[in-house]
Amino acid sequence: MNHFEFKFRPSQSLIRRLWALSGIGALAWIAGLVAAPDRAWASLLMVSFWLLSMGLAGGFFVAVLYACGAGWAAAFRRVPEAMVAAVPAGAVGLLIVFLFHPELYPWMAGHGESSGFHAFWLNRPFFLARAILYFVIWLAFSGMLIRNSRRQDEDGDMAHTRRNIRISAVYMFVFGLTYWLASVDWIMSIEPEWTSTIFGMYHFSGMFVSGVAVTILLLIWLKRSAPLRDFVNEEHLHDLGKLLFAFSTFWMYIFFSQYMLIWYANMTEESVYYILRQSGALGVLFIINIVLNWGIPFLVLLPIGAKRTPAVLGAMAVVVLAGRWLDLYIMILPPVTHGKMALPWIELCMMIGTMALFVLAFLRWFVRAPQTPVRDPLLAQSLSYHS
Amino acid sequence: MSQFQLLGVFEDESALISAVKAARQQRLRIVEVYTPYAVHGLERVLGLRRSRLSLVCLIAGATGAIVKLWFEFWTMAIDWPVNVGGKPWNSLPAFVPVTFEVMVLFAGLSSVAALLIVAGLWPGKQPKLIHPRVTNDRLALLLEENDAAFDVGRVRRLLEDHGAVEVTERLTGEEVPA
Amino acid sequence: MGVNAAPLLALDHGAVRYFRAGARLSKTGGHTALACTQEHQSLTVPEKLRPAAGASRPIVRETTLEAARENGGVRSKEPPVPELWPPDHPFTTHHWAMVVDLNACNGCAACVVACQAENNIPVVGKDEMRRKREMHWMRIDRYYSGSPENPLVAHQPMFCQQCDNAPCETVCPVLATTHSDEGLNQMTYNRCIGTRYCANNCPYKVRHFNWFEYSREDRLANLVLNPDVTVRSRGVMEKCTFCVQRIQDAKIEAKRKGRPVHDGDIRTACQQTCPSKAIVFGDLNDKESEVARLMDNRRRYKVLEEINVKPGVGYLKIVRPEVAGGEEKENG
Amino acid sequence: MADVALRPPLVAGHKRLAEVTEDICRPMERWPGLAWWAAFVVAFSMLMLGVTAVTYEIATGIGTWGLNTTVGWAFGITNFVFWIGIGHAGTLISAILFLFRQRWRTGVNRAAEAMTLFAVMCAGIFPVIHLGRPWFAYWIFPYPNFRGSLWMNYRSPLAWDAFAISTYFIISATFWYVGLIPDLATVRDRANPGLRKKIFTILSFGWDGGYKTWNRYEMVYLLLAGLCTPLVVSVHTIVSWDFATAVIPGWHATIFPPYFVAGAIFSGMAMVLTLMIIARKVMGLEAYINKRHLDVMSKLIITTGSIVGLAYLTEFFTAQYGSNRYEQFVFLNRARGPFAWAYWTMVSCNVLTPQILWIRKIRNSWTLVFIITIFVNIGMWFERFVIIVTSLHRDYLPASWADYRPTSVEIATLIGSFGLFFTLFLLFCRVLPVIAIAEIKGVLKHGVQGEAH
């Protein structure tokens, strides 16, 4: 079997360093539990949701590539496939929060009265059952996609591609529904009185753009450090750069739609959300959030050359990721800290730890299969791709 | 001073591309290539620069956006401030949509205007067709003598070798019979 | 409505006799649609459409005498509503406002007629009435509560609430409806092009549109018009102005006499006519005014204040001997 | 080889360049047939009916429509949003798919762009004629005047709309015309000397096929596509803000922007398919508009239809999940109130019907897809009707609740807008190349030799 030649092993020292970084995150969390338990728990929710979202972004990206018959990306499809490894890790973190710190959700802790559908939807057993259901659906669908993709390495059968196209089409819709509900369940219900119908879409845009950013960073790294040197070229990066540009702008569009409509109507029950997040020091973060998620990437990636330069593109991917972190921070922390800003050492350390954990999970899955889908029918097209 | 020119007419883009490549290799002066559609990859073979019209688009768009945003603020908050529904004088979120539209309008119209100007196109301009079927199914390569070594016979053969179905000799600026 | 009843009158010893014996009712077999403004304003949320969050709407509110008298009848200070907009529109001179005592209102509709006469509001006729296009700037909304056999009735005079954060104003593309620096929501008729967005975006639906040219060149009929008020043409929006002509008149008068406008100098047409004195108009910036005092009343609430439009009209809750479900009750 | 199997050729039947020119230009050089005249007479009569209705309405007053104090917008604005939505698919096909290098677009983009223009014209009429005083419609623009400082209100979504629609029309027309120039030159050079040749000479700007111009032209085309993409999103977003900025429950929803955009693409795609299925039969363009277009566009219909369905679900769910009783009521009232029939028409036509396109057999049948697109067109009209009317007719104060019933004048106006649309489209089919000749020539070889791009 010639595909064993494609096997890639990360160095042990790298793995050790990544574990060390993850340890810092874990220690920060434990220290946080003592120093500022509310923040530590909220931060765990935040990092777990981020980790899960990155995994889901990988799976969704694979589904989109299959469903659109996008040949250009076949060569590096193993990267988003392996990103799915973050889903179980994130799910564990979320379950820890749901099981051991229900106080994060006022409705779970029994604050405030609710009735009717609100009470039916937001009750603990149903909430946990739904969470499990989402995890199962996501893992089942992305698992099927990955399995078929890997099996094709063995037999080169076109039927796997066809099957994956069908699975992807269904998954895209199932994913849209479940990710929206999950974001409502886990993030929006921290403030159970506040609602926004665009919330699911908002999270979707953030998830996808940061997923693309992570893919770009992994590609640049894997291209430099050998395994994808011959499979990834400037054209692939260029197209990913376009995606980063487009979805960063899409995020801005969704952000603006939500903010402008709430600002315009100025109804108290909606505007409290932004009033909390624009007061004091948080107001500065609010602006930085827009700058990171859209302002800088938009201006820098506008010229065509920037999207083809790995250094620039990688830098923008980092900026977008930082933006996503800040976005989640602004969404999750203020209701817990009541808008008071403290030095976010717990959040920052846990962020670094989660990043390391993400890379570890990614590598674990990435080494299990050849780093490129060797017998994919679209591989040739992907390798000779130029826009 | 009128120069001697040779026009090679092709039926197929691949023939044209190979002829262009050969002509460039032999350092012949290519006056222009005429095609019924935008042949992709030909710009690389011809060594044409990327058009800088995108710069026009960018500058016009940015100008439009800035001017409009300023104008909106000026009319709403400075020239004639009117209290509408208690909205702040500086209602930036509400000024964004029109700013965006005007940016697109400026950028789009300026780019097209710039194209028409630099390409010398205007309504009612009489076309100077190099070959009557060049907007239908023929691709044409126009070469011009660039030095004394320009050998008409050799160039004619080169064009024919690369699949030219028709080669005509002409002088600079010569009208084509309709 | 819309039928001439004069032939039924009879002259009896030089006086008009308003009754007649021997009338008989019989079925004509025909149908006619009633043109009635009252009927379709007495709707409540139908059973099958009742939402979970609360079947009734807090539009007409009731309270008990004990609750109303608590703390000397003065309402406790409320924290200011948090805002996304900077407060850059202060009302420095006057801030006109009105308070309606729902307890005093008996639904006689004299205010509606007074308003119509004062403000040259067109009479649109039976057909337009059936299409729900009555032009009254003021209407009496009627809500029922309690059992159908023995219902409790609440009357609520409804007219432009002169919101400080008026949703109607922001959406007008041509600045035909704007806010005055005295807190009035004002219409510029000759600037209106009739998009009707303002009426759609009005939560109280108190804006009225001239669907046709309602005014006519009728030299006799036009003698009843109030010369201080514009006659509106076709295609423009109109609504309650707080009798702005009277406000201006009083301001000019006060200026002429070199004194400030006193509380009570201005009386709107509806206020002037109300037999039970349920309507009070005045300047909120004058802390001694009756309207400012009533705004601090424990019974005072504002209709739809939860959507933060900052209405300029307060209502005083109805006092009932007992209110089902505790101290407060929301009807609608 | 696998690549070829997954991607059939774009143009069937190994056409040669001259054949392409011939195929596309021939129909417009012949005297129209009986079928065209019959269609034209019908469309023109519908247009005249509409002109009569609008003339009567403007002369008499907007009261000739069935609106009332509570329901200030209904049929007219429904038609406006409907037509704007139809227009969006044209831009989607020509601009967005161009950026995504979806080469199948070349078969349909010209007609789709023309459709955009005509749909925007139809749409643009409604905001003007629905005004109380339409003759003052120009007051919505900030023009210098002698009344002192009198501008307009940039905070109003209707003002944004005026800018968005006019920009959209101007840029779409420009984009369309820029795309036409090389083809107009082709038509010019085929024409015998005479009036036709003179007209096309003026229209084609002296295009001579020079490659330096082609190079710049391609750049400008790319720029316009890049501008049109956010533009088309912005236009329907702003249309959605006409409602979403309001405080009326059922209108004020943050999801409106992406939801309206998806709905616009959905309805527009259906209209493109409706028209193209007819046009390909009537005009004999079977080679250029083929099963692949049918398949891809059907898939786009399922995708956007499902997004729209998800948006319905989101709105309904969020209202019930939240604690706003007015919001909850509006959605219960939609499903069970007096306009429940319209609501369920919308749901069944927009969400349920397109789902049968998942079945490949149905997706491959011209007739069945045609029927489904008609359902989608109807459903999307009702979507706008439901959003506008059911939110308005029962809002905050039960005392001001009202009903709405369209009058014959409104229905005649709607018919008239269809008349205008089809009249313009039929004329377009007669006088201009319905398929982008130069672009089709550029992709002629695509797929045939397994060329990878």
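Here the structure is a predicted model, which is why all the values come from computation and not from measurement. Letters A, B, ... are given to chains in the order of the sequence lines, protein chains preceding strands, and every chain is numbered from 1.
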Looking only at non-hydrogen atoms, find the nearest pair between [X] and [Y] and report the distance.
| X | Y | result |
| --- | --- | --- |
| L261(A) | P257(D) | CD1-CD, 4.1 Å |
| S156(D) | Y264(A) | CA-OH, 3.9 Å |
| M267(A) | Y396(D) | CE-OH, 3.5 Å |

[atom2] on [Y] to [atom1] on [X], rounded to 0.5 Å:
| X | Y | atom1 | atom2 | result |
| --- | --- | --- | --- | --- |
| R360(D) | R166(A) | CZ | CZ | 7.5 Å |
| M201(A) | T314(D) | CE | OG1 | 7.5 Å |
| T318(D) | I198(A) | OG1 | CD1 | 11.0 Å |
| M172(A) | I302(D) | CE | CD1 | 11.0 Å |
| T195(A) | Q320(D) | OG1 | CD | 11.5 Å |
| F199(A) | I255(D) | CZ | CD1 | 12.5 Å |

What part of [X] gets closer than 4.5 Å to chain D, counting heavy atoms only: side chain, backbone, both or neither?
| X | answer |
| --- | --- |
| A246(A) | neither |
| T249(A) | neither |
| M260(A) | side chain |
| Q258(A) | both |
| Y259(A) | neither |

is_close_aromatic(F256(A), W241(D)), centroid dist under 6.0 Å: yes
Chain A contact via P230(D) - which portion, at a heavy-atom distance below 4.5 Å: neither
Heavy-atom check, side chain of [X] versus side chain of [Y], under 4.5 Å:
| X | Y | result |
| --- | --- | --- |
| L313(D) | L177(A) | yes |
| S257(A) | F256(D) | no |
| V184(A) | F317(D) | yes |
| V261(D) | Y253(A) | yes |
| F250(A) | V233(D) | no |

Matching residue for N324(D) among E270(A), E269(A), E193(A) - test: side chain to side chain contact (heavy atoms under 4.5 Å, CB included): E269(A)
Flag for S196(A)-T254(D): side-chain donor and acceptor within less than 3.5 Å: yes
Heavy-atom donor-acceptor pair, Y321(D) side chain to L122(A) backbone, under 3.5 Å: no
